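Below is one structure, written out as structure tokens, with a few remarks after it.
Lettering follows sequence order; numbering is per chain, from 1. Quick note: numbers below take in every heavy atom, side chains included, and nothing from hydrogens, waters or symmetry partners. For clarity, every value in this text was computed on a predicted model and none was experimentally measured.
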There are 2 protein chains.
Amino acid sequence: MEHRIERIKKLLHAQSYKLTPQREATVRVLLEREEDHLSAEDVYLLVKEKAPEIGLATVYRTLELLSELKIVDKINFGDGVSRYDLRKEGAAHFHHHLVCMECGTVEEIVEDLLEDVEKIVERDWQFKVKDHRLTFHGICRKCQQKELE
Amino acid sequence: MEHRIERIKKLLHAQSYKLTPQREATVRVLLEREEDHLSAEDVYLLVKEKAPEIGLATVYRTLELLSELKIVDKINFGDGVSRYDLRKEGAAHFHHHLVCMECGTVEEIVEDLLEDVEKIVERDWQFKVKDHRLTFHGICRKCQQKELE
DNA sequence: AAATCAATTGAGAATCATTCACAAATTATA
DNA sequence: TATAATTTGTGAATGATTCTCAATTGATTT
């Protein structure tokens with residue numbers, strides 16, 4: 001954990017940003033809840049537990065900054081909120097998501113899976129791919145089992 | 001065009017919804033601007049040209065309805081607006097998008113491309129895929145050429 | 001065609017997420 | 001420690017979307 005904070009600190013410093021206590025608290029929340037897909041509001045409430053004086057705008061600003069530095073990815077599952085997701089250590093690409101239409105659970109897929117597709121897109125559309133967003137909507141394992149009962 | 005309106009009319013009637021003049025005007029705008037990715041506001045302004053009395057809320061309601069009936073897909077490219085995109089005739093799946101990070105242009109890919117990936121997801125994650133969203137972010141052909149100049 | 005009932009509409013208010021403005025506080029640096 | 005630049009908290013402002021509700025429309029039955 002500390003190691004990852006250090007790395008993020010360096011990334012910020014490289015662009016002459018500071019890792020203020022507020023930013024650190026925000027990053028810690030993201031690290032602790034890495035599996036989740038927190039909205040800015042969610043993050044705000046969790047950070048408030050560590051640093052009650054923090055303001056919502058600061059959380060937004062921090063998330064925006066981390067997003068620009070590609071430390072987190074901003075995603076949108078279609079409910080009117082942006083969610084923020086830490087990039088995996090050293091991952092070149094954004095990971096994928098499985099959103100269950102029944103229960104709303106979001107699973108992550110870290111595997112790339114899109115290498116071939118990207119090659120086709122680059123070749124046939126002459127589009128230089130820098131990043132991607134892939135989300136599957138469907139029924140998760142648990143809900144499939146429930147349906148059988 | 002008339003043929004597609006008829007088809008949509010039937011889809012609505014099948015769920016006992018009416019194709020009111022306002023809804024028809026909205027659908028016509030979507031058909032005429034099929035290549036674009038219009039926001040609700042965009043649609044509103046265009047519909048207003050045909051039917052000046054229409055209200056913004058009605059456009060939102062219509063788009064929401066068409067979205068539920070899977071006649072249009074609601075997408076979000078990360079600027080705070082939802083965009084609405086007509087499904088291709090008879091397409092089982094949503095098409096993909098190429099968003100240029102330079103100029104913001106959005107190209108469409110109608111080809112499936114994800115068949116193999118979906119098989120893997122269904123097999124390895126036991127997730128029953130119903131739909132997907134795939135967007136590539138990168139540099140379009142035109143902007144690549146500009147960079148060389 | 002008139003009566004009826006539910007669906008739909010327009011207008012504006014309300015809500016919600018996000019951004020902005022700005023004075024005060026903090027930080028790194030000289 | 002003084003200085004300058006960043007960052008912060010607060011509350012107000014914005015912008016997209018939804019809600020409320022009375023009025024209108026549309027289909028259906030007589």
### Task
Give the C-alpha distance, both sets of side-chain angles, the deciding distance and a yes or no for side-chain hydrogen bond (donor to acceptor under 3.5 Å, both in side chains) between Thr58(A) and Arg61(A).
CA-CA 5 Å; Thr58(A) 301; Arg61(A) 283 185 290 234; 3.3 Å; yes
### Message
Same cluster or not: Phe94(B) versus Ile109(B), using hydrophobic residues (I, L, V, M, F, W, Y) connected whenever any side-chain heavy atoms lie under 4.5 Å apart?
### Response
no
### Query
For the pair made of CG in Leu19(A) and P in dT6(D), what is the distance, rounded to whole Å?
17 Å
## Note on the structure
Picking from dA16(D), dT6(D), dT8(D), the nucleotide nearest the side-chain atoms of Val81(B) would be dA16(D)
### Task
Specify the separation, in whole Å, of atom NE2 of His13(B) and atom P of dA27(D).
7 Å
### Task
Using a heavy-atom cut-off of under 4.0 Å over every strand shown, decide if Pro21(A) touches base, sugar-phosphate, or nothing.
sugar-phosphate
### Query
Between His97(A) and Phe136(A), does the ring centre distance come in under 6.0 Å?
no
### Summary
Tyr44(B) atom OH is separated from dG15(D) atom P, nearest whole Å, by 16 Å
#### Entry: Nearest-Å distance for atom pair CG/P, residues Asp79(A) and dA16(D)
18 Å
### Task
State, yes or no, whether a side-chain contact exists between Gln15(B) and Glu68(B) at a heavy-atom distance under 4.5 Å.
no
### Message
Does Glu53(A) reach a base, just sugar-phosphate, or nothing at all? Heavy atoms under 4.0 Å.
### Response
sugar-phosphate
### Query
Atom CZ of Arg61(B) and atom P of dC21(D): how far apart are they, to the nearest Å?
14 Å
### Task
Extract, from 5' to 3' on DNA chain C, the first and final nucleotides lying under 4.0 angstrom from some heavy atom of chain A.
dA17(C) to dT27(C)
### Query
Pick the nucleotide of DNA chain D nearest each of Glu64(B) and Thr20(B); which residue has the one closer to the 5' end?
Glu64(B)
### Task
Give one of base, sugar-phosphate or nothing for Ser82(B), where a contact means two heavy atoms less than 4.0 Å apart.
sugar-phosphate
### Task
Return the value, rounded to whole Å, for the distance between atom CD1 of Ile54(A) and atom C1' of dT10(D).
13 Å
### Query
From dG26(D), dT18(D), dG11(D), pick the nucleotide closest to the side chain of Tyr60(B)?
dT18(D)
#### Entry: Length of the CD-C1' vector between Glu68(B) and dT18(D), whole Å
14 Å
### Euclidean distance, atom CG of residue Leu56(A) to atom P of dT7(D) [Å, nearest integer]
19 Å
### Message
Could you check whether atom NZ of Lys48(B) has more than 12 heavy atoms from other residues, nucleotides or ligands sitting under 6.0 Å from it?
### Response
yes
### Query
Do the ring planes of His96(A) and His132(A) sit parallel (below 30°), tilted (30 to 60°) or perpendicular (above 60°)?
tilted
### Query
What does Gln22(B) touch in the nucleic acid at a heavy-atom separation under 4.0 angstrom: a base, only the sugar-phosphate, or nothing?
sugar-phosphate
### Message
If we count only N and O atoms by modelled type, under 3.5 Å, do the side chains of Glu111(A) and His95(A) hold a donor and an acceptor together?
### Response
no
